[in-house]
There are 2 protein chains.
Amino acid sequence: MPERPSERAHDAVLQHIEDSLRSGEIKLGDRLPGERALAEQFGISRASVRDAIRALEVMGVVRSATGSGPNAGTIVVSDPSSALGSALRLHVASQRLPVKDIVEARVMMETWSLAHAADANWEPVQLEEARKLLDAMDDPALPSPAFTALDAQFHVALSALAGNAVVSTMMDSLREAIREYVDEAVRTRAQWDDIVAELRRQHREILEAVERRDGDGAAHLVRDHIEWFYAKTL
Amino acid sequence: MPERPSERAHDAVLQHIEDSLRSGEIKLGDRLPGERALAEQFGISRASVRDAIRALEVMGVVRSATGSGPNAGTIVVSDPSSALGSALRLHVASQRLPVKDIVEARVMMETWSLAHAADANWEPVQLEEARKLLDAMDDPALPSPAFTALDAQFHVALSALAGNAVVSTMMDSLREAIREYVDEAVRTRAQWDDIVAELRRQHREILEAVERRDGDGAAHLVRDHIEWFYAKTL
DNA sequence: CTGCCACTATGGTCAGACCACATGGCCCGG
DNA sequence: CCGGGCCATGTGGTCTGACCATAGTGGCAG
């Protein structure tokens, strides 16, 4: 198999980073060598190194910052949610992925999460944080974008109870992908106050179902909750 | 709204492309202007344009090719699966996303797909293509990587029956994220021939359940199928 | 001891050049 | 008139070297 399809200069860096990540040689929070150092190390130009870094940044694997000190440079983070969210958002924009399917997928994941949360081992503090989010959402003076942001955090917090990082990450991504879409729809919506009141009620109801370990009940409630909201706004 | 959070030079291009995508000004299959043209158009350097193009490429929104002619240049494609798959693979490598959760998420999506496929309107030709994949997998001389590749296609074809682009895309991504992982496990596995024989049997069984519109049956079969396979190999 | 400021290392951007590649048309020979 | 080979052209890919903006750091002066 003498195939060498990846002669691209920056692929070498990409491959090396991935291998180092897999072997544990570099891990979350570590700083990568500077771009100039990597360029010399691999015998390629700094521009090509930047290509690789850019790719990693888009995928949410690293974060770059200028300046000096411990917070500067290229640091290994792990933020799959926003990375996947951005990608999905663009594919929604290009009409490759219908919004309807996004919502449907979200219902699938969220019902699954709550159904499984009933049998999972989560810390009571997790539920408490979700409740604090609901308390914050009770503020009548809250502008709608702030409300929807808290709403997103609440749903992510709930889905995290199932203990599956992939599912909650993807849920977060889906939400992020259509966030602007939803905010725009909400902004032009009359009767927003009435909708918010109903959302608050439904949220409390869902939280109580989770609290009493009623997985099926919580799943049904959240399905109705999401579908009601999207029917009302979109 | 005097906010200018995006001072980055390449963000302007990114934003413009996204807007053009959303407005339908550019659509799938279109060619973007050349990098030099874009640089002049936005008053930035070609390097910054390349940063934006690279980001789009990583997200699976465009594809770049050298040379001239209709197949060269930067073309709008829409390949979310491989893009999300690559990103997920790296996050698995960095141990941010456990393989166990990937498999669990895959079970969730695939059971959902088959359960919904029973009520969905799919073309009989879709089932026929899935069957052809199974026929190809009957070849006893098939090397294991080719078998698992066909297996992946079969599962994607099945999940496509539910008619949800987001779910089948994510399923494909999950599969891609742990493909090398699975292939490696399979390669070092004794009794591979026996496993393949059982996989073939289960595949036919699943296909038949879908064919007779038995959604619950198909869902249960595919759950057992996936969990059996991963218990056997990983 | 304190506050200011130059120094330094980082990523971000720019400019201009050359390379590898694929096409399409031109030219020349048949 | 036709066919094949060759080169002009335009594409992305890479390289070089420079300068800018930023943010810690450490020394220096008060």
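Everything quoted here is computed from the prediction, not taken from an experiment. Atom set for the values below is all heavy atoms of this structure, side chains included, hydrogens, waters and symmetry mates excluded. Within every chain, numbering begins at 1; the chains are lettered A, B, ... in the order of the sequence lines, protein sequences first and strands thereafter.
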Legend entry - Pairs where residues 31-68 of chain B contributes a residue and the test ring pair (Phe, Tyr, Trp, His ring centres under 6.0 Å) is met, not counting sequence neighbours: B:His16-B:Phe42
Legend entry - Side chain of A:Ser64 - closest among D:dG13, C:dG11, D:dT14: C:dG11
Legend entry - Side-chain N or O of B:His10 closer than 4.0 Å to phosphate OP1/OP2 of C:dT13: yes
Inset, instruction - Report yes if the side chains of B:Ile75 and B:Val62 come closer than 4.5 Å at any heavy-atom pair, otherwise no. - result: no
Output one line per pair: protein atom, nucleotide atom from nucleotides 7-10 of chain D, and distance, for all N/O pairs under 3.5 Å.
{"residue": "D:dG10", "atom": "N2", "partner": "B:Gly67", "partner atom": "O", "Å": "3.1"}
{"residue": "D:dG10", "atom": "N2", "partner": "B:Ser68", "partner atom": "N", "Å": "3.4"}

Legend entry - Residues from residues 50-58 of chain A lying under 4.0 Å of DNA chain C - heavy atoms: A:Arg50
Inset, instruction - Please check if any side-chain donor atom of A:Tyr230 sits under 3.5 Å from a side-chain acceptor atom of A:Arg106, or the reverse. - result: yes
Dump every N/O contact between nucleotides 17-20 of chain D and the protein below 3.5 Å, one line per pair.
{"residue": "D:dA18", "atom": "N6", "partner": "A:Arg46", "partner atom": "NH1", "Å": "3.4"}

Inset, instruction - Examine distances only and state if a side-chain atom of A:Ser173 and a backbone atom of A:Ser81 form a donor-acceptor pair shorter than 3.5 Å. - result: yes
Legend entry - Test item: B:His203 and B:Leu207 side chains (from C-beta on) under 4.5 Å apart, heavy atoms: no
Legend entry - Side-chain donor or acceptor of A:Trp122 paired with backbone N/O of A:Gly163 under 3.5 Å: no
Inset, instruction - Verify, without hydrogens or angle tests, whether B:His10 (side chain) and B:Ile53 (backbone) share a donor-acceptor contact under 3.5 angstrom. - result: no
Inset, instruction - Using atom CD1 of A:Ile44 as one end and atom C1' of D:dC15 as the other, report the distance to the nearest whole Å. - result: 11 Å
Legend entry - 4.5 Å side-chain heavy-atom contact, B:Met108 and A:Thr111: no
Legend entry - Selection from D:dT14, C:dT13, D:dT25 that lies nearest to any side-chain heavy atom of B:Ala9: C:dT13
Inset, instruction - Hey, can you tell me if A:Trp192 and A:Phe229 have their rings parallel, tilted or perpendicular (30° and 60° cut-offs)? - result: perpendicular
Inset, instruction - Look at the rings of A:His225 and A:His155 and say which category their plane angle falls in: under 30° parallel, 30 to 60° tilted, over 60° perpendicular. - result: parallel
Inset, instruction - Please state how far atom CG in A:Asn71 lies from atom P in D:dA23, giving the value in whole angstrom units. - result: 11 Å
Inset, instruction - Measure the distance from CD on B:Glu40 to P on C:dG16 and round it to the nearest whole Å. - result: 12 Å
Legend entry - Contacting residues from residues 73-85 of chain B, given that a heavy atom lies under 4.0 angstrom of DNA chain C: none
Inset, instruction - Tell me, yes or no, whether the heavy-atom count around A:Gln95 atom CD, taken from other residues, nucleotides or ligands under 6.0 Å, exceeds 12. - result: no
Inset, instruction - Measure from the side-chain N and O atoms of B:Asn164 to the backbone N and O of A:Asp101, and report whether any donor-acceptor pair falls under 3.5 Å. - result: yes
Inset, instruction - Assign B:Ala72 to base, sugar-phosphate, or nothing according to its heavy-atom contacts below 4.0 angstrom with the strands shown. - result: nothing
Inset, instruction - Calculate the interatomic distance between B:Arg8 atom CZ and D:dT22 atom P; express it in whole Å. - result: 12 Å
Inset, instruction - Evaluate whether atom CD of A:Glu184 has more than 12 neighbouring non-hydrogen atoms of other residues, nucleotides or ligands under 6.0 angstrom away. - result: yes
Inset, instruction - Quick one: which residue pairs count as a salt bridge (Lys or Arg N to Asp or Glu O under 4.0 Å) with a foot in residues 71-98 of chain B, not counting sequence neighbours? - result: A:Glu18-B:Arg89
Inset, instruction - Round to a whole Å and report the spacing from CZ of B:Arg63 to C1' of C:dC21. - result: 14 Å
